Every structure is written in C-alpha cells, then in structure tokens.
**Q** 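Structure in structure tokens, see below.
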Amino acid sequence: MQTHAAKRVEIIIEAPMEERLTRALAKAGVTGFTVLPVLGGSGRSGRWSREGQVSRAGGMVAVVCIVRPERVDTLLDAAFAVVERHVGVVSITDCQVLRAERF
Amino acid sequence: MQTHAAKRVEIIIEAPMEERLTRALAKAGVTGFTVLPVLGGSGRSGRWSREGQVSRAGGMVAVVCIVRPERVDTLLDAAFAVVERHVGVVSITDCQVLRAERF
Amino acid sequence: MQTHAAKRVEIIIEAPMEERLTRALAKAGVTGFTVLPVLGGSGRSGRWSREGQVSRAGGMVAVVCIVRPERVDTLLDAAFAVVERHVGVVSITDCQVLRAERF
Amino acid sequence: MDSLLSLAAANVLSPMVLSFALGFAAALARSDLTVPEAAAKALSLYLLFAIGFKGGVSVAESGVGADLVATLLAGVALSFAIPLIAFGILRTVSGLSVVDAAAVAAHYGSISVVTFVAATSALGSAGILYEGYMVAVAAAMEAPAILSALWLVSRGRKETHPNEDGLLREILLNGSIVLLVGSFAIGWITGPAGLEEISSFIVAPFKGVLCLFLLDMGLVAGRGFRNASNELRPPVILFGLAMPLIGGTLALGCAALLGLSAGGAALLVTLAASSSYIAVPAAMRVALPEANPSIYLTLSLGVTFPFNLTVGIPIYIAAGGLVA
Amino acid sequence: MDSLLSLAAANVLSPMVLSFALGFAAALARSDLTVPEAAAKALSLYLLFAIGFKGGVSVAESGVGADLVATLLAGVALSFAIPLIAFGILRTVSGLSVVDAAAVAAHYGSISVVTFVAATSALGSAGILYEGYMVAVAAAMEAPAILSALWLVSRGRKETHPNEDGLLREILLNGSIVLLVGSFAIGWITGPAGLEEISSFIVAPFKGVLCLFLLDMGLVAGRGFRNASNELRPPVILFGLAMPLIGGTLALGCAALLGLSAGGAALLVTLAASSSYIAVPAAMRVALPEANPSIYLTLSLGVTFPFNLTVGIPIYIAAGGLVA
Amino acid sequence: MDSLLSLAAANVLSPMVLSFALGFAAALARSDLTVPEAAAKALSLYLLFAIGFKGGVSVAESGVGADLVATLLAGVALSFAIPLIAFGILRTVSGLSVVDAAAVAAHYGSISVVTFVAATSALGSAGILYEGYMVAVAAAMEAPAILSALWLVSRGRKETHPNEDGLLREILLNGSIVLLVGSFAIGWITGPAGLEEISSFIVAPFKGVLCLFLLDMGLVAGRGFRNASNELRPPVILFGLAMPLIGGTLALGCAALLGLSAGGAALLVTLAASSSYIAVPAAMRVALPEANPSIYLTLSLGVTFPFNLTVGIPIYIAAGGLVA
Ligand SMILES: Nc1ncnc2c1ncn2[C@@H]1O[C@H](COP(=O)(O)O)[C@@H](O)[C@H]1O
Ligand SMILES: Nc1ncnc2c1ncn2[C@@H]1O[C@H](COP(=O)(O)O)[C@@H](O)[C@H]1O
Ligand SMILES: Nc1ncnc2c1ncn2[C@@H]1O[C@H](COP(=O)(O)O)[C@@H](O)[C@H]1O
Ligand code: NA
Ligand code: NA
Ligand code: NA
C-alpha cells in the first residue's frame, strides 16, 4: 500500500494548557491533532497521578499531531511558545501515513 | 539487550467502528493490538471533544498494533478497508521490540 | 528548531504491575515517564476490554519513557526484569526531542 | 388556552428545564463546566432503569390487553413513516444531499428517551395519568426509523445493505433499548412489591437526578450549537422546529384512533415529536459515514431537543387533553 | 422445604437478582449495554461504605464480646483452610496445573463482598436478624486465602515469596478491606446518631443501588462467560458449583459451634461459599502471573457468583435456620 | 468554652469528619483505596448544585435587601485583601520566593466550597440558622484573590498581564462558580415549590454524599501530604495553621459591622479562613507556572483543609455566636 513520509509530534502538557496549545497550533495552520488522556507520570517536578488530584488542576494530556515533514518546524515553533514556561515534553518521530492528501 | 525490528501502526478511528476494525484485523491474522482512549481532536471535520458528546456516538479510539515488518502490508490492507469511508488517521513507525517470538 | 536524538520506549503492562515497574525504573535512574490508560486489547492471552473487568484486576496501562539513547539499555534491563514473567509488550522508537537537558 | 399557558409556565420554570437552560447558557458562555462522561452515562442508566421499571410495575397493576399491542404497532408504524415525510420535506426545502437528508430524517423517526422522561415528569407534576406500557412503545420506536433511512439511501445505489455487518442486530440490542425493555420486564415481574423495595432509589430522587442530567444535556447541546450553528442554514433550523409538530400531529391522530388516555396521547405525541441523539447518530457513523454529523447532531440536540423541552411538551400535553 | 422453596422464589424474583439476570442475558446476546467503569467503582464504594457503616452501628448498639473475636478467628481459619481443600479437589479431578489450581483455590478461600451484601439484603427482606460484626468477619476473610495459595505453589519451587515486593501489605491494605473496616469503625464510633444523619443516603436507596450494581456484575459475568466458557472443562465447572456447598458446610459447622444466630450463621456460610473476583485476581496477576486469569475469573464470576446469588443464598439462609 | 468543646467533639466525631480521617489515614498507609476521578467530580457537582439551590430557595423565602449586597461587597473585599496580608507574612517568615509566596497567598484569599459545605452541615446539626445568600458570597469570593496575587507578581516584572489569553474570563466562568451561581438562581426562581420537587435528591442524602466526598478529599490530601510533606518547611506549615485564624478574625470584624446572624457570621469567617484547592491551582498553572504546585497544593489541601474541617469549624461557629 502506498505510504508517505510524515512526522508524528507528541506533546505532553498540563491539562489547563491544552486549550492554549491547540489554539496556537490552529493559528500556525496545524488543524489535525488528537488528544489522549494521561493517568500520571514523573519528571523533574516529581511523581504525580490522577488519583492524587482534586479535579482538573494538575492533570496532563498528550497531544499527538501528524504533519508533513516540511510543516514540522512551524508546528514546533508554535508548540514551543506555549510549552516553554511550562512542564511538559515534546518528541518527534518519523512515520509513514496513508492518504497523504489529508495532512 | 537483544531487540528486533518491527512496525508500530497507530489507527485513530471512530469508536463505533472499533469492533469492525478489530474484527478485520483478526481476520487478517493480526491478533496483537492495544486500544487507547481518546479525549478529543481536530481534523478536516472540525474540532470535537468527549465533553461535547452524548454517549458513545462520536468518540474516537486509538488502536496500536505492533507487527513484524513483513506483516505490515496485510495489516494496512485490512485496516484500510474499514477506515476507507470513515474519518480517521493511520500512521506507521519503525520500532524495535523485545521478545520477537511474540509478534 | 534545535532537536536532539532520543529513544521513546513504550511498555504496555498490567495495571497491578505499574507500581512495580515505575519503582524499577526509578531505581535504574529513569525518572521521566508518562502513564496512559488503556481501554482494551488483544494478544496471546486473548481479547480483553475494560468493560469486561470488575475493578482493577485485569486492566493494563501504557508507560511511555523518553530517554537519551545511551540510557536505553539500562532502562530495558530494568523494565525487562519486571515484565519478564508477565504479559505485556515493549517497543522502542527513535525520536527527536526539544530541550535535551531535560532527559 | 389559559391552561396551556399555565402549563407552559410551570414547565419552563421547573428546576428541570432551568437546569437545562443553565447548562446551555454555560456552554454558550464557554464556561469549563462539564459533567464527566462516566457520570452522564451513569445518570442515563439510572433514568432508563427507573422509567422502565416504573412502566413495568404499572402494567403489572393494570393488566395488559389488545391496546398495548395496538399502540406498539402504531408506534412502530410512526417510526417507519416519519423519516419518509421528513426526507421529502428536507429534499424539497433544505438543499441537503440525499445522504444528509436521510440521516437527519432517521433522527426524527426515532425518539429521545430524555424528552419522554421529561414529559412523564411534567405529567406527574400536573397530576395526569398515562398508560404504563408507553415505555415499551418508546423502546419499540427507537430502531425502525434507521431502516427507513437506509432504505432511502439504498434506493439510489447498490452498496449499502441494511444488515451490513450485523448493524441490524446492533441497533436492536443497543444498550438503551435493552435496559429499557429489561427493566420494564423486571418491573412487570416484581410488580408493586418490587417497586416498594427500591422506590426510595428510583422514585423519590428521580426528578433531582433528571435535573443534573438535563444540566449535562444543556452543556452538550450548547457546545454543539456553538460549534456548528453556522453549518445549519435557516431552512434546516426551521425544519428542526416544524418537524416535531408534524410528527406530533400524526401521532395525535393515531392516539385518537387508539383511544389512549390524555396522558398516553401526550406521550405518544412526544415520542413522535422527539428526535434521537444517541442510538441513531451511532448507527449513522457506521452505516452512512458520509453524512455530516454536525448537521444531524446539532439539529437534533441543539434545536429540536430544547424546543421540545420548553415549548413542545406543554403543547403535547394540551393536545393529549383534546383527543382523550 | 416449603419455606426453602418460597425463600428461593422470593430471592430469584427479587429486583436485585433479576437485574443481574438482565445484565447476564444482555452480555450473552452481545448487547453494547455497559456501566462505565468509574460508575461501577463508585457503586461498589457506596455498597462497601454502607454495609460497613451499618455493621459498625449495630455493634455500637449491641455491644461486643468474646463472640466477635471467636467468629473472626473462625473466619480467618476458614479462609486459610478452604484453599487447601479446593486445591486437593482440583488436582484430583480437574487436570489443572499446580499454579492454576492454587490460583483458583485462593478465590474460593477468599470472599465476595457483593454476595455477602446480597445475602444481608435477602435476610432483611425475610426479616431475619444477624450479628452486625459479620461485616468485620467478611473483611478478615479476604486475605488469608491468598497466603494459603502462595504457600501451595511455593512448596514446589523456591522463587515465590509471599512477601515479594510488599505484596502482603498490598493485600491487607487493599481498598475494599480498608473501606469496609474503616466505615465499620466510623459506624461504631458514631453509633445510631451517626446513622440517623446519613441513613437516607446509606439505608433507603441501598437496594436500588444494589440493583444497578448487580446489573453491571451480570454484564461482566456474562461477558466473561461468553469469552472464556470454552476454557472451562466440565469438571472445572462442576467444581465451581460444588465448592460453595463444601465450603458452606464447613462454615455451618463452625457457626453451630460458635452459637451464631440464624442470620449470622447464614452469613458465615455465605462468606465461606462465596469466591473473590476483585482482590484475589489482582493479587494473582502480581504473584502468580503464569496462572490463567480466564480460568479463575470466569469460574468465580461466571459460575459461582450466579450460583450463589440465585440458588445458593436461599440454601444458606435455610441452613442457617437449622443450626441456630 | 464548654459549648465550644462539645461543638468540637460533635464535629470531630461526625461521620463526615471521620470519613475524611479514614481517607487521610488510608493514603498515609499507602492503601490503594481510590475514588474514581469521574465519581469525585460528580459528587462535587452534586454538592455545588444542592448547596446553591438551597441557598437560592432560602433567599426566595426570606426576600433580599441591602444586607445581601453589603455582604457580597465585604466578601469581595476580603478576597482581595487577604492575599496581600498572606503575602506579607510569607515573605517575612517563610523564605518562599516572590512567585511561590504570591501563589500561596492567592489560595488563602479564595475559598474552599467543601469547607463551606461542611460548615453549613455542622450549623445544621447544631440547629443554627444562617442567611441563604451566603452561597452567593462564597461564589463571589473565589476569584478576586487571583487578581491580587497576579498584581503582586507583576509589580516586579513586565510580562504577566492578568488578562493574558482570556485568563480573567476563564476564572470568572470556571465551572464551580457557574454551577453555584446558576443553581442559586434556579433555587431563587423556583422557590420552595421547586425545592419540594427535588428535596429527596438534594436535601435528604446530602450529608451521606458529603461523607463519600470527604473520604476522597482525605485520600487526596493524605497522598499530597505523603508525597510533598518534605517540601514544606516548618514556617510554611505554621502559616497554613495560622492564616485561617488571621483571615477569620478579619471576617469576624466584617460580620459584626454587617450585623450578620450567628450562622451567617460563622460562614463568612469560614470562607475567609478556608483556602482554595481547585480553581486557584488551575489558574496558577496557567498564569504562574514557575510557582511550585507541591507547595501551594499540599499546604492548602494537606494542612489548612484538615485544620479547618476538624478544629477550625467549631471555632468559627463559636466565634459567630459571639458577634451576633
Ligand atoms: N522523559 C520523559 N518521558 C516521558 N514523559 C515525561 C518525561 N519527562 C517528563 N515527562 C512527563 O511530563 C511531566 C512533567 O515533567 P517535568 O516537567 O519534568 O516535571 C511528567 O509528569 C511526565 O508525565
Ligand atoms: N494530522 C492529524 N494528526 C493527528 N490526529 C489527527 C490528524 N488529523 C485527524 N486526526 C484525528 O482524526 C479525527 C478525524 O479527523 P478528520 O477525518 O480529518 O476529521 C480528528 O478528530 C483527530 O482526532
Ligand atoms: N502486537 C501487539 N501490539 C500491540 N499491543 C499488543 C500486542 N500484543 C499484545 N499487546 C497488548 O498486550 C496485552 C497482553 O498481550 P499478551 O501477553 O500477548 O496476551 C494485549 O491485551 C494487548 O493490549
Ligand atoms: Na420522533
Ligand atoms: Na469463600
Ligand atoms: Na479564604
């Protein structure tokens, strides 16, 4: 089956920032993404878990964007502006996609 | 540690289609996969979020399959037949696995 | 934007083992990871789904760790010791990260 | 007319409808107020269980005769017929494609359990009795409309088979039908003694639970309306306001022929006037994925549901009083 | 005999058992009816809290003496002993491996709180009193069986230590034990005054909540049974039906020696006869991952639980009446 | 003094506070007991809806005058002022950075609805009446403190604007404020007739639901405390115990000036003494991400909340009695 090179960007970010991140992505022309829930994790600011939270205050989400390779820098710039002062992790992987016209 | 090349296929698809997709995968001999929940997303058909949904009607799930490289085409054919008319995204990444005998 | 090579390790494991896995990771010096919920899946031990479960007994989670390439073997050794006797899948992908100093 | 107005006022100023309005307004104002999905689903299971159970108990008390069967058949016929009318209207006035028009039509032939529940609750407040088996009629009216819609689409092409991949079984065994029919059966079997055992769970707090559920419905409807209102052109919105009255009038005729009580007639009219937003959308995603969900969902949930909840129900109750 | 039959009929036709049956049937028919996981967990927290609290209040009312301690010890002894018997039987008749047999045995030595709750509810309907401290006995019987099973396995090899990685602590502090014991303590401390404050939450709606919870249990049990019934060979299924009666008989002897009331005896028998499907499976996944979960889960939840709920409880209540 | 002690004893030995203690202890013992997030959120929606609705009904009954407006303004002023005091104290004694001190200060100017609810429940048990509009005061006091804190930080630098990216709108329209104010309005509109319709949902089971919710709060507070207690140096912990009394004293003065009833005064003191752990932490993550959440969350939830729940509320009720 015919596939096309693309980039998969995964951004793990605090839930209260999700809205701002997706707004920034949209402004940068990235209109395709998927948001996954996160149960817990650990990083420089220590271990946390959904169970230790009252409501939304401290949860995180994972935002996955698949983009054409030439668009990845625009995306990273937009994401970085939001993530910069906040906890969170950004990773980029090479991938292949079906139906390239969608990206 | 000894690792082996494999492919990680990620299919983001509407929840009402999950059953059909996994049935098609099983028919194609793909019996290993994991289903992750999705909170929301955005694509050509606009922005959506679990919160804006009554019940299962519009949610999505992410199905992750790790397969030997030589099996990836069978998998994509099976998946594509289900995804074709539906919204959803398929991406394929190279990966390494432990315990190759499991795949 | 400046990126750095890293490895993304994804470990799908039974929920009752999560605590043991993250303890083992911490012992091996891996202090950054994110835990995602899993809805269901299929493998050699058959098909399962959250819906067919009473409480935590049989659920799974996905633990994602992003590490510098040179740390991946330590990580895999630690993870493997926990996963060995248990059902579960480990996959490793090459990726790029922003802010290398965090890993 | 006076009684219609006072009925309408009592309805609109009830905690239930105001809770819906609160949710709708909060969503329009883009508040982050949300009811967790699991909680909303649990509330709906509660409502289905309670309404089914109480219906079954009242059938156990009053016995059952030919009228039940006749009303069931009338309901099924309405559910088959309404999509054909709706489709005709939509193709004439709205400019929607065949597939979109059929998908919308399916929603109006099917029913909304929550609208039904709100109507029973308004009847209860007004002290009007109704046949317990109307719950079973509600269950019977969920699915037929889907078949009509699929038939409307398949006339034009070969590929879609109503029974594609077990869709029919899925529709008939969808969770809300099974729970409604099942709890109806349990209520019927255990009767008033069973009701007494669990009435402080399913009767006393019922209206309060309904408030919280309608708060969530308001949030969802408001969000849908905010996101997709620009996809709904005026003729489509008008359809969403007029179709309930058309379907309801048809049902009123049936109710008169069947000789239903005032409350029973009001409920049959409500069922015909209400439109689905759970079972049918899910079926459409599988069977007619080309249909645009923001059209049918927003119309059903953001236009027709609020219309029925506020203005419709008092009208249907008044109408029921006319034919009984 | 007559009273056993009428007891059985009242039990089987109660809304609780019928709700379970509805769930079981819906799952077998592959309906998509589901109770969200979070809702099911919340219902179980409610049931544990309510049953523990009420137990504590009744101990506050009646005082506490040597009988509590003696019954606790008897419960612990039963929980330790039953897995040994179960293991012997399974190894003789079933052909299961040592590890699978030990894992199954652990489930039957431990208990099912929901079966216990259903039995108290049946006793309530029949107007039979029981010792409030039986809740504490239930909590005490959850864990010992796990140790027996681990010992059975470790006889044959070196590597598994019961206390591997804090497993023992995990078992003793598992959520349901802590909540049951904790709410028992709260009920004991606050007594009837405390109960009065919250009785319209934990007493009045109790049976109704139990219905919804059993609906979910039926769904889960039915799904497990559908998926894994082919892994259960006839001797294993037979074991799942006979073992409750064997464990129950043992407990009946203890109850007679302890001089429990009719209700208390029925509950001790129920505890011995019931099998775990929450705490023990989780412990098995950690300690005996080689054991096949579809065997022990399906047997416990798909065979023994329905058996106890429908046929077992009336028998255990009748038996309790014999020794008191 | 005697009555303070008996008030304190009645409070500490209530099922509500004991449930919190159970959760706290279970978390410290590292039990895996948890309340699912969706269930906890649903419980909090219930509590907000019920408390708002009842407040609105009591305003409908008693009418409304200048005192409501005056008390609202006093509440807003307290919420603006308390962070300034708290910030001053923290910078003097604690060694926290400007950003951390401001973030902590914001929490103490804002309020905890659950502490408020627990206080109304204790007033109810003691038979002390209070002004229904205190619920509206609670809602009005949530947000101003956040602005004070942002101002404290922005004095020192240029970049943070209170209205960055719609933060202000987000704060004012946050879910709990909207639900509290909205259900207050619904209660006001529907009045006693509306309350009667849903009182077996929002009145009767209220305290029981509060128990389960406080169980979860105990779990969360205990987990936070266990994980982060080493980040809290003694002066910071002391601040968490003293600040409620300082804020409360300020409020007591206001209550005397306003001429509130004993119950109303107790509630205004409770509001001033309580600290936020939902709305403010979320706002801080967005506006002051450099502030360390384990400091402000643990202090508010692990120190001040338990202090208020056990020792504080009886003191505030006694104090309210002094000025009325
Ligand atoms: N190396 C990593 N791999 C995966 N997730 C990470 C990693 N580091 C941090 N995270 C996630 O990002 C969150 C915040 O990280 P930090 O800013 O380092 O405290 C953590 O709680 C994890 O969920
Ligand atoms: N480029 C993308 N990257 C990640 N997820 C996407 C992308 N495009 C679409 N999706 C997901 O697929 C869903 C449907 O997309 P679409 O069919 O384009 O409306 C969206 O709601 C997203 O969850
Ligand atoms: N090839 C695979 N790709 C993705 N997930 C898998 C795969 N194999 C197994 N899994 C996951 O691991 C779980 C246990 O697998 P197993 O040990 O093979 O029964 C399954 O239920 C899936 O969630
Ligand atoms: Na209809
Ligand atoms: Na047992
Ligand atoms: Na305060």
Side-chain angles (χ1 to χ4, degrees), chain D residues 6 9-47 50 118 121-122 124-127 199-216 218-219 222-223, chain F residues 35-50 52-54 56-57 60 139 166-167 169-206 208-209 278-279 282-283 286:
Chain D
S6 75
N11 186 58
V12 167
L13 295 182
S14 69
M16 277 70 81
V17 173
L18 291 172
S19 296
F20 179 85
L22 172 58
F24 204 91
L28 290 185
R30 292 200 278 144
S31 165
D32 69 351
L33 180 60
T34 48
V35 176
E37 195 195 359
K41 181 117 196 266
L43 292 178
S44 82
L45 293 177
Y46 169 86
L47 294 176
S121 167
S125 298
S199 78
S200 47
F201 178 63
I202 66 171
V203 177
F206 188 80
K207 282 188 183 175
V209 176
L210 188 53
C211 285
L212 275 197
F213 188 75
L214 286 173
L215 175 73
D216 180 52
L219 286 166
R223 284 206 177 101
Chain F
V35 176
E37 194 193 358
K41 181 119 195 264
L43 293 178
S44 82
L45 294 177
Y46 168 87
L47 294 176
L48 289 167
F49 181 78
F53 195 97
K54 286 183 281 188
V57 169
L167 179 63
R169 201 188 50 70
E170 251 173 58
I171 296 170
L172 287 174
L173 287 176
N174 96 58
S176 41
I177 296 189
V178 167
L179 183 51
L180 204 55
V181 172
S183 57
F184 181 82
I186 296 178
W188 196 343
I189 296 172
T190 61
L195 182 61
E196 212 199 294
E197 286 202 85
I198 63 171
S199 77
S200 47
F201 178 63
I202 66 170
V203 178
F206 187 80
V209 176
I278 299 185
V286 171

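Quick caveat, the model's predicted, so the values are computed rather than measured. Letters go in sequence order (proteins before strands), and every chain restarts at 1.
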**Q** So, does D:Y46 use its side chain to make a donor-acceptor pair with the main chain of D:F201 at under 3.5 Å?
**A**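 Yes; at least one donor-acceptor contact below 3.5 Å.
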**Q** In terms of heavy-atom pairs under 4.5 Å, which option from D:A38, D:S19, D:A26 contacts chain F the most?
**A**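 Most heavy-atom pairs under 4.5 Å with chain F: D:S19.
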**Q** Could you measure the distance from the CG atom of F:L48 to the CZ atom of F:F184? Nearest 0.5 Å is fine.
**A**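 F:L48 atom CG to F:F184 atom CZ measures 14.0 Å (nearest 0.5 Å).
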**Q** Any non-hydrogen side-chain atom of F:E197 less than 4.5 Å from a side-chain atom of F:T190?
**A**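 Side chain of F:E197 against side chain of F:T190, heavy atoms only: no contact under 4.5 Å found.
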**Q** Please round to the nearest 0.5 Å and tell me the distance separating atom CG of D:L214 and atom CZ of D:F24.
**A**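 Nearest 0.5 Å value for the CG-CZ distance: 13.0 Å.
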**Q** Given a strict heavy-atom distance threshold of 4.5 Å, which part of D:S121 is in contact with chain F: side chain, backbone, both, or neither?
**A**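 For D:S121, there is no contact with chain F at all, as no heavy atom is under 4.5 Å.
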**Q** Using side-chain contact (heavy atoms from CB on, under 4.5 Å), reason through F:F53 and F:I186 one step at a time and then give a plain yes or no.
**A** CA-CA 6 Å; F:F53 195 97; F:I186 296 178; 3.5 Å; yes
**Q** Count the heavy-atom pairs under 4.5 Å between each of F:L195, F:I202, F:L179 and chain D, then report the option with the highest count.
**A**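 Of F:L195, F:I202, F:L179, F:L179 has the most heavy-atom pairs under 4.5 Å with chain D.
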**Q** For each of D:L212, D:L13, D:L43, tally heavy-atom pairs with chain F at distances under 4.5 Å, and name the one with the top tally.
**A**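 It is D:L212.
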**Q** Heavy-atom pairs under 4.5 Å with chain D: which of F:G182, F:A50, F:A42 has the most?
**A**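 Going by pairs under 4.5 Å, I would pick F:G182.
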